[in-house]
Amino acid sequence: VLWYATISEGFRLGGSNGIPLCPEENPQLCALPHERAFEPDTTTNYELGFKSTWFRSQLHFNAALFNVDWDDAQIAGATNVGQLPYLSNAGSANAKGIEISTRAILSDSFSVYATYAYTKAELTSDAPFLFNADGTDGAEDGDRLPGSPENQFSMGVNYQTDVFNDKTLDINYGLTAQSDVLSRVGLRDNGETLPGYSLSNISAKLTSDAWSTTLYVDNLFNKYAVTSVRRSDADITTANGADIQRNYGYFINRPLTVGIKFNYKFEI
């Protein structure tokens, strides 16, 4: 059993959003003064965990607790005029949680693995000007951060055997799953909750000394999942009694995909 503790710091540059300043008359596709630039953000990261092997390395089990203090967090938003995407700063935030992973060799042919992570990510200060210049409907201390699922899980099974005397066959099945995520801080400013989903992949790989061929099936059960949102439904306008959808929409996962990969090692 190896115990460890780490403390580290992170830094990300600020900069310009590259959006022109709104004129006094007829503003279109432009930024208000507070939307034109964003400040650097920094993190202080703490982690305490252990790595372990058991039963003559037949079982591996690792776990870690982490805490990340985030100052001047850079958060994606959209301008008041034209709904152009831009970066802004949301005060301070914190992410804390636990990560667990394990791997077991069940026999000469079978091995399995599983991972789990829980993350609680939220603002730790009010950010009243995050979405608009007048400070109304801003974000508040305790609001959940967007894009971060609270629960993530994965598991897999591998079967390996020798075939045709001198070749190796690997069959792998993997499952990944996550809980829901928010599209905006604390569901404010027309934010949405994107449902959690799980995806399965399977592959069979035949390997020789110099080459390998892999048949794979991604998204085995053809699951449909929304992975992120472009803008928000506030970007849908109405004209002549009909809805006009401008830039609002969903990004979705890749559907069921079947393919073959071939690799060859050339001697030089």
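Closest of all the heavy-atom pairs between A139 and L123 is CB-CD1, 3.5 Å. The heavy-atom pair separating I202 from L220 by the smallest distance is CG2-CD1, 4.0 Å.
Enclosure of atom CZ in F262 by more than 12 non-hydrogen atoms of other residues, nucleotides or ligands within 6.0 angstrom is indicated. In the displayed structure, D209 atom CG is contacted under 6.0 Å by at most 12 heavy atoms of other residues, nucleotides or ligands. Around atom NZ of K205, no more than 12 heavy atoms belonging to other residues, nucleotides or ligands sit under 6.0 Å away. Around CG of D108, the count of heavy atoms belonging to other residues, nucleotides or ligands within 6.0 Å does not exceed 12.
Ring pair Y116/F153: centre-to-centre distance not below 6.0 Å.
For the pair Y113/N158, no side-chain contact is recorded, criterion being any heavy-atom separation below 4.5 Å from C-beta on. Between F50 and L2, every side-chain heavy-atom pair lies at or beyond the 4.5 Å cut-off.
Grouping the Ile, Leu, Val, Met, Phe, Trp and Tyr side chains by contacts below 4.5 angstrom, directly or via other members, places W54 apart from L106. No chain of hydrophobic side-chain contacts below 4.5 Å, direct or via other Ile, Leu, Val, Met, Phe, Trp or Tyr residues, connects V181 to Y197. F110 and M155 are members of different hydrophobic clusters when ILVMFWY side chains are connected at heavy-atom separations under 4.5 Å. Cluster annotation: I260 is connected to V217 through the hydrophobic network of ILVMFWY side chains, with a link wherever side-chain heavy atoms come within less than 4.5 Å. Residues V112 and I171 share a single hydrophobic cluster, defined by chaining ILVMFWY side chains whose heavy atoms lie under 4.5 Å apart.
With hydrogens and angles disregarded, a donor-acceptor distance shorter than 3.5 Å links the side chain of D126 to the backbone of D141. A side-chain donor-acceptor contact under 3.5 Å links S183 to the backbone of E192. At least one donor-acceptor pair under 3.5 Å links the side chain of T79 to the backbone N or O of L84. Proximity of a side-chain donor or acceptor of D41 to a complementary backbone N or O of Q74 within less than 3.5 Å is detected. Under the 3.5 Å distance criterion, the side-chain polar atoms of N62 are matched with a main-chain donor or acceptor of S52. At least one donor-acceptor pair under 3.5 Å links the side chain of N219 to the backbone N or O of R254. At distances below 3.5 Å, at least one donor-acceptor pair connects side-chain atoms of N17 with backbone N or O atoms of E35.
Contacts of F266 classified as ring pair (Phe, Tyr, Trp, His ring centres under 6.0 Å), with partners at least two apart in sequence or in another chain: Y264.
Taking the ring centre of F251 as origin, the terminal cationic atom of R230 falls inside the region bounded by 6.0 Å and 45° from the ring axis.
Using modelled atom types, one finds a donor on one side chain and an acceptor on the other under 3.5 Å when comparing N45 with S8. Donor-acceptor pairing under 3.5 Å is lacking for the side chains of W70 and N94. In the model, T207 has no side-chain atom that pairs as donor or acceptor with a side-chain atom of T168 under 3.5 Å. At a cut-off of 3.5 Å, with distance as the only test, a side-chain donor of S125 or S92 sits close to an acceptor on the other residue. Using modelled atom types and a 3.5 Å distance limit, the side chains of Q28 and N26 yield a donor-acceptor pair. E39 and N89 share no donor-acceptor pair across their side chains, judged by distance under 3.5 Å alone. Side-chain atoms of T119 and S148 include no donor-acceptor pair closer than 3.5 Å. A donor and an acceptor atom, one from each side chain of Y173 and S200, are located under 3.5 Å apart.
Salt-bridge check for D180 with R144: passed, with a basic side-chain N closer than 4.0 Å to an acidic carboxylate O. Under the 4.0 Å criterion applied to side-chain N and carboxylate O atoms, R188 and D143 are assigned as salt-bridge partners.
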**Prompt:** Would S154 and T115 satisfy side-chain hydrogen bond (donor to acceptor under 3.5 Å, both in side chains), going step by step from the backbone distance to the final call?
**Reply:** CA-CA 5 Å; S154 69; T115 67; 2.4 Å; yes
**Candidate pair L87 and I75, rule side chain to side chain contact (heavy atoms under 4.5 Å, CB included), full reasoning** = CA-CA 6 Å; L87 290 177; I75 299 293; over 6 Å; no
**Request:** Tell me, with the steps shown, if T213 and W211 meet side-chain hydrogen bond (donor to acceptor under 3.5 Å, both in side chains).
**Result:** CA-CA 7 Å; T213 300; W211 57 266; over 6 Å; no
**Message:** Let's go through I252 and Y224 carefully: what are the C-alpha distance in whole Å and the side-chain angles of both, what is the deciding distance for side chain to side chain contact (heavy atoms under 4.5 Å, CB included) to 0.1 Å, and is it a yes or a no?
**Reply:** CA-CA 7 Å; I252 62 174; Y224 175 93; 3.4 Å; yes
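Through ILVMFWY side-chain contacts below 4.5 Å, Y4 is grouped with nothing and stands alone.
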